[in-house]
Amino acid sequence: RTEGAKVILMTPQGKPFRQARAVELSKESHLIFLCGHYEGVDHRVVEALVDEELSIGDYVLTNGTIAAAVVVDAVVRLLPGVLGDDQSAEVESFSGDGKRLEAPHYTRPAEYAGMTVPEVLLSGNHGAIAKWRESQALERTRRNRPDLLEEG
């Protein structure tokens, strides 16, 4: 076993992987991912070496490498300098209290296939834009992930 390393087993039986856990793991100095194949790994290995069992969802893959890649991507993008703008990871779905999805994004051109960018985003009024983004994020969360808004 490597001293100072956190050993993580990717398994459908693990704790659900969430953004908050990605933030915590991004502060670790050394991560080792153990990826079983088909039926997983011998449980004696789990007992002897594994610090944590993680799952990326309630489904089964043929092996844990894809799940590990998902976790690695979520963690690495939180490391300073990876995104170029460290604030990019702070204002997105599941950031902050973890109970809101992100508002929709728009780019150029201002009109595409007869659809336009909402006027408020072109207004330059930062207060109005912030209010619009908040209301859109709440509506998107209600529509796509109402479970995030439930108390508890």
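The figures here come from the full heavy-atom set of this structure, side chains too, leaving out hydrogens, waters and symmetry mates.
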Would you mind reporting whether [Y] and [X] have side-chain heavy atoms less than 4.5 Å apart?
| X | Y | answer |
| --- | --- | --- |
| Leu121 | Trp132 | yes |
| Glu53 | Lys15 | no |
| Lys27 | Leu78 | no |
| Leu49 | Leu34 | no |
| Val60 | Tyr38 | no |
| Val50 | Ile32 | no |

Which heavy atom of [X] sits nearest to which heavy atom of [Y], and what is that distance?
| X | Y | value |
| --- | --- | --- |
| Gly14 | Ser55 | O-CB, 3.5 Å |
| Cys35 | Ala68 | SG-CB, 3.6 Å |
| His37 | Asn63 | ND1-CB, 3.2 Å |
| Leu25 | Glu52 | CD2-OE1, 4.3 Å |

Query raised in the report: Okay, side chain of Arg140, backbone of Glu102: is any donor-acceptor separation there less than 3.5 Å?
Result: yes
Query raised in the report: Is the backbone of Val75 close enough, under 3.5 Å, to the side chain of Ser26 for a donor and an acceptor to pair up by distance?
Result: no
Query raised in the report: Under a single-linkage definition using a 4.5 Å side-chain heavy-atom cutoff for Ile, Leu, Val, Met, Phe, Trp and Tyr, are Ile129 and Leu101 assigned to the same hydrophobic cluster?
Result: no
Query raised in the report: If two hydrophobic side chains count as joined below 4.5 Å and joins carry through other members, does Val70 share a cluster with Tyr59?
Result: yes
[atom1]-[atom2] distance between [X] and [Y], expressed to the nearest 0.5 angstrom:
| X | Y | atom1 | atom2 | answer |
| --- | --- | --- | --- | --- |
| Arg100 | Glu139 | CZ | CD | 11.5 Å |
| Lys6 | Ser29 | NZ | OG | 10.0 Å |
| Ile56 | Thr11 | CD1 | OG1 | 11.5 Å |
| Lys131 | Gln136 | NZ | CD | 15.0 Å |

Flag yes if more than 12 heavy atoms outside [X] fall under 6.0 Å of its [atom1] atom; otherwise flag no.
| X | atom1 | value |
| --- | --- | --- |
| Arg133 | CZ | no |
| Glu47 | CD | yes |
| Asp147 | CG | yes |

Query raised in the report: Does the pair Leu9 and Val46 meet the rule for a side-chain contact (heavy atoms from CB on, under 4.5 Å), with working shown?
Result: CA-CA 8 Å; Leu9 172 64; Val46 176; 3.6 Å; yes
Query raised in the report: Would Arg142 and Leu149 satisfy side-chain contact (heavy atoms from CB on, under 4.5 Å), going step by step from the backbone distance to the final call?
Result: CA-CA 7 Å; Arg142 275 192 193 112; Leu149 300 172; 3.4 Å; yes
Query - Audit row: Glu24, Arg21, salt bridge (Lys or Arg N to Asp or Glu O under 4.0 Å) steps and yes/no - result: CA-CA 5 Å; Glu24 292 167 0; Arg21 189 67 189 122; 2.6 Å; yes
Requested in this report: Please lay out, stage by stage, how Val117 and Leu122 fare under the test side-chain contact (heavy atoms from CB on, under 4.5 Å).
Outcome: CA-CA 8 Å; Val117 172; Leu122 303 172; 4.1 Å; yes
Report summary line: The salt bridge (charged side-chain N to carboxylate O under 4.0 Å, His left out) partners of Asp73 (sequence neighbours excluded) come to none
Query raised in the report: Do Asp51 and Ile8 pass the side-chain contact (heavy atoms from CB on, under 4.5 Å) test, and can you show the C-alpha distance, the side-chain angles, and the key distance before you say yes or no?
Result: CA-CA 6 Å; Asp51 297 307; Ile8 299 170; over 6 Å; no
Residues 106-115 side chain polar contacts: donor-acceptor under 3.5 Å, at least two apart:
none

